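As the structure lists them, so they are numbered: ligands from 1, and atoms in each ligand from 1. Please read all numbers here as calculations on a predicted model, not as lab measurements.
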Amino acid sequence: MLRSPLDLTGARILLANDDGIHAPGLEALERVARSLSDDVWVAAPETEQSATSHSLTLRRPLRIRHLGPQRYTIDGTPTDCVLIAIKKIMADRPPDLVLSGINHGGNLGEDVTYSGTVAAAMEAALLGYPAIALSLLRRGDHDYRWETAERHAASVLRRLTGLAWPRDVLMNVNFPDVSADEVKGVRVCRQGRRDVDTQVIDGSDPSGRPYVWVGNYMSDETSQVGSDLAAIAEDAISVTPLHLDLTHGETLERLAGVFA
Ligand code: MN
């Protein structure tokens with residue numbers, strides 16, 4: 001099923017994220033969304049939920065806090081926020097578009113499988129709504145260059161929503177860590193795969209007891225041409241369509257032979 005292109009003027013846009021309601025990346029996304037439409041809604045987690053992936057809170061009640069006009073925070077995950085916004089808060093008139101981010105840090109390659117930012121967009125796509133995840137890379141200790149994402153996001157969003165895309169497809173957009181003027185265009189690319197694995201770091205606490213700490217020391221190196229990692233390495237904006245059907249077609253066919 002192909003959706004028709006979306007006219008953003010007057011569109012109802014729902015914003016979510018995984019860095020929490022107070023995140024500067026959400027503020028940046030709000031400015032972008034408000035430049036596109038006057039009907040912007042926010043439903044974001046109370047606390048940071050990075051790397052919570054597509055988790056849904058089933059074993060405790062959730063509280064919704066109404067912070068202002070069309071602005072809510074929920075003590076749950078990014079997925080909870082999108083589900084509750086669409087099924088309850090906006091039940092009278094659901095959003096035309098769901099945006100998630102702008103994440104503090106890239107969501108490239110295998111990040112996509114851990115990302116709460118991408119999962120919020122996945123949840124929207126599962127519910128049948130067009131959804132786009134946006135993330136901003138940072139390399140080094142300087143501040144995030146929100147201005148880079150803000151300057152380029154509206155045009156990327158307009159072009160994406162000007163195209164009909166199938167249900168169960170969501171878009172994953174990453175902005176490089178360069179100034180807005182240094183961005184080398186937009187690349188449509190595959191989800192990549194890094195050459196280096198996440199580290200598990202040994203340490204000991206002040207009492208001398210050992211711990212391990214999962215270290216986010218992944219290199220962004222990849223040998224894959226045409227991947228999101230390669231696009232970002234070349235200071236371009238990456239745009240990757242993701243599909244909710246995780247089935248691997250080629251292996252499916254080989255397996256069918258094994259169990260025939
Ligand atoms: Mn995050």
Side-chain angles (χ1 to χ4, degrees), residues 13-33 40-57 62 67 71-85 98-126 131-150 152-153 156-157 170-178 191-192 194 198-199 213-220 228-229 231-232 237-240 242:
I13 304 177
L14 168 63
L15 310 185
N17 75 349
D18 78 355
D19 297 312
I21 188 74
H22 304 294
L26 180 62
E27 290 174 25
L29 186 58
E30 276 191 76
R31 289 190 288 272
V32 171
V40 175
W41 293 65
V42 176
E46 275 189 3
T47 56
E48 200 200 324
Q49 301 288 317
S50 292
T52 56
S53 188
H54 198 185
S55 67
L56 192 58
T57 304
L62 292 165
L67 300 178
R71 187 176 183 82
Y72 298 82
T73 185
I74 296 157
D75 60 346
T77 65
T79 296
D80 295 330
C81 290
V82 170
L83 180 70
I84 290 165
V98 178
L99 303 178
S100 179
I102 299 171
N103 189 58
H104 296 217
N107 276 308
L108 303 164
E110 59 270 37
D111 297 337
V112 163
T113 64
Y114 302 102
S115 170
T117 303
V118 174
M122 276 183 191
E123 183 63 15
L126 277 173
I132 303 170
L134 302 103
S135 304
L136 174 64
L137 272 281
R138 183 177 66 166
R139 301 236 164 81
D141 293 332
H142 55 270
D143 287 343
Y144 282 94
R145 302 192 214 233
W146 299 113
E147 209 259 330
T148 298
E150 282 187 55
H152 293 278
V156 170
L157 293 175
L170 58 134
M171 299 291 174
N172 186 33
V173 178
N174 282 271
F175 299 95
D177 181 16
V178 292
Q191 179 188 351
R194 290 181 179 83
T198 307
Q199 303 294 303
W213 200 324
V214 175
N216 187 21
Y217 299 112
M218 288 185 288
S219 153
D220 277 352
D228 49 7
L229 288 157
I232 286 291
I237 296 167
S238 71
V239 176
T240 303
L242 300 175

Would Tyr144 and His104 count as a close aromatic pair, with their ring centres under 6.0 Å? yes

Atoms of type N/O/S from protein, distance to the Mn ion (ligand 1) below 2.8 Å: 4

Derivation and outcome, side chain to side chain contact (heavy atoms under 4.5 Å, CB included), residues Val42 and Leu26: CA-CA 9 Å; Val42 176; Leu26 180 62; 3.9 Å; yes

So, Thr117 side chain and Gly101 main chain: donor-acceptor pair closer than 3.5 Å or not? no

Verify, without hydrogens or angle tests, whether Asn172 (side chain) and Val118 (backbone) share a donor-acceptor contact under 3.5 angstrom. no

Derivation of the side chain to side chain contact (heavy atoms under 4.5 Å, CB included) call for Arg194 and Leu229: CA-CA 8 Å; Arg194 290 181 179 83; Leu229 288 157; 3.8 Å; yes

Show, in sequence, the C-alpha distance, side-chain angles and deciding distance for Glu150 and Glu27, and conclude whether the side chain to side chain contact (heavy atoms under 4.5 Å, CB included) test is met. CA-CA 10 Å; Glu150 282 187 55; Glu27 290 174 25; over 6 Å; no

